[in-house]
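Data block below; observations after.
Reminder, nothing fancy here: chain letters follow the sequence lines and each chain counts from 1.
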Amino acid sequence: MASKANHHPSAARQRFGSDWRAGRITAWLTTVDHKRVGLLYIWTTLGFFAVGGVLALLMRAQLATPNENFLTRGSYNQVLTIHGTTMIFLVIVPILAGFGNFLVPLMIGARDMAFPRLNALSYWLFLLGGIVLLSSFWAGHGAAQGGWTSYVPLSTLHMPGHGEDFWILGLHILSISSLVGAINFIVTIHNMRTSGMTWTRIPLFIWAILTYAWLLVIVLPTLSAGLTMMLLDRQWGTHFFDPVHGGSPILYQHVFWFFGHPEVYIMILPAMGIISEIIPVFARKPIFGYKAVAYSTVGIAFFSLLVWAHHMFSTGLPVGLDSFFMLSSMVIAVPTGVKIFNWLATLWRGNISFDTPMLWSLGFIGVFTLGGLSGIFLAAFPIDWQLTDTYFVVAHLHYVLFGGSMFAVFAGLYYWWPKMFGRLLDERLGKLHFALVLIGFNVTFLPQHFLGLLGMPRRVYTYRPGGIWEVYNVISTVGSFLMAVGMLVFVLNVVITARSGRRASNDPWLADTLEWYTTSPPPAWNFDRLPYISNARPLRDVRRRLEAERWK
Amino acid sequence: MPAGVGRRAAVVALAVVAVLLVPAATAFAGNGGLLPPPAHSPNAHRIRDAYVFVMIFVGVVFVIVEGALLVLITRYRRGKRDRTQEGPQIHGSTRLEILWTVVPVVMLTAICGYIFYKLPGINDAPPAAAANQTTITVEGHQFYWLFRYPNGAVSIGTMIAPAGDVVHENITAPASEVNHSWWVPELGGKTDAIPGQTNHSWFQAPIGTYVARCAELCGIQHALMDATVKVVPRAEYEAFIAARAAAPGGLDVGKEEWQGVCSSCHRLNETYVGPALGGNPLLRDRDGIENLVRHGLRQMPAVGENWSPEQIDALIAYTKTLPKQKANGFQS
């Protein structure tokens, strides 16, 4: 618990100053306020999202027709590498950290994170890491070209120049940033919950962020080890991964995927947490099966540590290992299904309003389901031998990371925007944004399943002319530009509502959780005083109490 | 207005379904995209069977979940109700939780069971008693595939294999290489060619020509690193490898090397990935060309590091037949 003195409103006011948003640039540069750090994270990641998106459009433009000469060979490989790395390390993981920073103290009724300065450090390291990673483009011989997985020996012995070294350094910095942030989340959630907020009364988003943080703490050191070995191999003549001198290229894949697969769940669990917050509010019902949803989060995280080699089925592992990793991967489908069924049951007999956050959440269920189901083919290893490293995998991962994580991120942005900025985003533009992206997304990625089955490998800058490949590729490119238009609508929405958006009350959505108890945006000290928490929906209690008093 | 929102959501949902149907219809009309490519080897057949088996379960679950989603959001939309009106405060149901845990477990068990049932037929080649056996080594290089036959013959870019035989593939790459992945979609799944490691796969195919591709990002020309598997009558196969073994430095070998290896990155008269080679004196200098292909130069990988002296002879024999001068008007 935070020290008692801070809970006295006037003391808190004195300590935190009058208005946390009043400062100019220097105030933002020196801020340790969790809300400001969260917003810095969110704005920065949205910037990186634009960069990653433009890189994706470049690739789709190149692949629109066979033998295109728009962006070929080395430059294509640079773009695909930086696109993947940016979207994963500079967009999804940190934007979820941004939501966590803004929301965790508000949701658990704390004044700030446990270590505000560490919090600022993790943001600035993130920005630095991002800049280092992207500056890879200006290195001799261009950016890293080994894909976001950066397999060896391609990335060690066969990649001249320093692009790859920038990539390694960037990821090292980003790992430290994430690690610092994760420790901060864990300490905050364990120690700073307000009175009455027991483990079964914390919002499901908090369960998700806690699990996200634990997973980061467990797997990031493995990534750092792998990156360090790679850097040593490249620059100091060691031979960890060099088969000429007895090293093992497969070792790298084990190390990378021991980090890399939990990373997938690091990117999806908080997204699921966002969905679990939004659906009950707009269905006017409690979440169905709170404990089932919370425990399935932990279950998914645990099993995510045991499935890494399903990315390596074609590397010639013994059949026994293949079988083990198939079974463990299948097991993960079960808690994932539990979540989906509980969300559907939450809708049942609800009073469903289709505000933009809800549309994105329902869209999430729709497309994530397909992404989850296509994963079953990939878990069954003999089928994976056909599908791995093809566009089927590209489609699958975009259904879970874009259709999953990014849909949830937009749901969260529309939902918490009024809390963050005091103004609501425009609903009509929001719905247009959603419709364009939902349609564009499916038009882009659905045909990629078929391309993979037809034999198109991933990470190719061109393909031979002929037949249905051309049809699917051009459809896919059209879809990607449709999505881009949708994203421009979002930018327009943000710009327009910045001055003229509808002012938000404390609780515009009639929500359930504590962040809606304070003003929009919240004061620096977050809350003047807090009610005792007696269940998982404190705000509903407050509303009911007020209602009861009104009719007395 | 609230009813309008509901209707709009329904319209959006319908639009999505329509959009999903368009490519599905296209796929049915053409010859594929919903299933793995037509199979011409027993293991590929069984993989396809397994795919179809999983597809049935996945299809049913997909329809149930998406159907439930559409029904629920249509049936329980707000409509004319007040936004504040709450639904029944149901917090969960242990029975339902058990139900939707157990049913997927049963389903996934069925899938795994079927996979294990098919696995021996996919993984294990038919025994020697059942069919003739041949072993061919498949070597991945930047950016070509090299095939070694039991009698020492070598070919590049095209694998010649005997029809009806069980062809065992030893799939590997030289220790100084990068990872590749050998994939003949119609003859089975992928097997990675990893430096310093040998993996195994097999096929048993009728006469025909099958496309092979590299499926692991292996560098700048990964996209174009494909090959052909030509399955021919046994006699023709025997004749081919005998001829190759008898003349390992022949002009046809050199032509394969030029087309399969050099041409991945070089053109005679224009700059491609590497410089134009037309008129380059190296094309007539055996030691020079040997040094180049064995050790590489700057960005160029050591493409012929493990070639036999005869393979070098073959290359120089072929390059000597190339025109001495660059084509007119070419400026490098």
Side-chain angles (χ1 to χ4, degrees), chain A residues 73-74 147 151 153-154 158 243-244 249 283-286 288-289 292 314-316 319 327 330 333-334 337-338 341 344 347-354 362 365-366 369 373 376-377 380 382-383 385-386 388-389 435 438-439 442-443 446-447 450 453-455 457 459-462 468 471 510, chain B residues 5 9 12 19-20 23 26-27 30 32-33 36-37 47 50-51 54 58 61-62 65-66 68-69 72-73 76-78 81 83-89 91-92 97 100-101 104-105 108 112 115 122-123 175-176 178-179 181 185 189-192 194-196 199 213 215-217 219-220 223:
Chain A
R73 305 193 285 270
Y151 274 9
L154 180 64
H158 298 264
V244 174
R284 310 308 308 150
K285 282 184 63 196
F288 195 90
S314 64
T315 59
V319 173
L327 294 172
M330 293 285 181
V334 176
V338 166
F341 294 126
L344 290 178
L347 296 174
W348 178 62
R349 297 180 64 192
N351 179 21
I352 303 171
S353 299
F354 296 104
L362 297 171
I365 299 179
T369 297
L373 289 173
I376 294 179
F377 294 101
I383 303 178
W385 289 336
Q386 270 292 354
T388 186
D389 276 322
L438 179 69
I439 294 170
N442 283 294
V443 172
L446 194 72
F450 310 140
L453 283 160
L454 287 167
R459 296 172 170 171
V460 292
Y461 71 82
T462 193
I468 203 161
V471 180
L510 306 176
Chain B
V5 173
V12 169
V19 165
L20 298 185
T26 330
I47 291 178
Y51 185 91
V54 176
V58 162
V61 175
F62 179 77
V65 173
E66 305 288 349
L69 180 63
L72 287 168
I73 62 177
Y76 299 108
R77 67 184 188 278
R78 190 169 83 219
R81 285 183 282 175
R83 174 187 276 276
T84 55
Q85 190 182 325
E86 291 189 329
Q89 299 298 297
H91 287 267
E97 300 293 346
W100 58 52
T101 305
V105 166
L108 293 167
C112 291
I115 297 291
I122 297 170
N123 224 18
S176 61
V178 302
N179 296 346
S181 188
K190 294 172 199 72
T191 311
D192 290 357
I194 296 167
N199 290 329
R213 295 194 181 87
E216 183 66 63
L217 179 61
I220 201 157

Side-chain donor or acceptor of Lys190(B) paired with backbone N/O of Thr388(A) under 3.5 Å: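 A pair under 3.5 Å: yes.
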Can you check whether Thr191(B)'s main-chain N or O pairs, donor with acceptor, with Asn199(B)'s side chain at less than 3.5 Å?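 No, because the side chain of Asn199(B) does not come within donor-acceptor range (under 3.5 Å) of the backbone of Thr191(B).
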Can you see which heavy atom on Glu216(B) is nearest to which on Arg459(A), and at what distance?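 It is OE2-NH1, 4.4 Å.
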Can you see which heavy atom on Gly350(A) is nearest to which on Lys285(A), and at what distance?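 Scanning both residues, the minimum pair turns out to be CA-CD, 3.7 Å.
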Is [X] in contact with chain A via its backbone, its side chain, both, or neither, using a 4.5 Å heavy-atom distance?
X         : result
Asn179(B) : both
Ile122(B) : side chain
Glu66(B)  : side chain
Asp192(B) : both
Glu97(B)  : side chain
Arg83(B)  : both

Chain A contacts, top residue of Ala50(B), Ser181(B), Pro104(B) (heavy-atom pairs, under 4.5 Å):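 Going by pairs under 4.5 Å, I would pick Ala50(B).
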Based on non-hydrogen pairs under 4.5 Å, which of Leu69(B), Val105(B), Thr84(B) is most in contact with chain A?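 Of Leu69(B), Val105(B), Thr84(B), Leu69(B) has the most heavy-atom pairs under 4.5 Å with chain A.
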Report which part of [X] has an atom under 4.5 Å of a heavy atom belonging to chain B: side chain, backbone, both, or neither.
X         : answer
Tyr461(A) : both
Pro286(A) : both
Leu510(A) : side chain

Go through Pro153(A), Pro457(A), Gly74(A) and name the one with the most non-hydrogen pairs under 4.5 angstrom from chain B.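 Answer, by heavy-atom pair count under 4.5 Å with chain B: Pro153(A).
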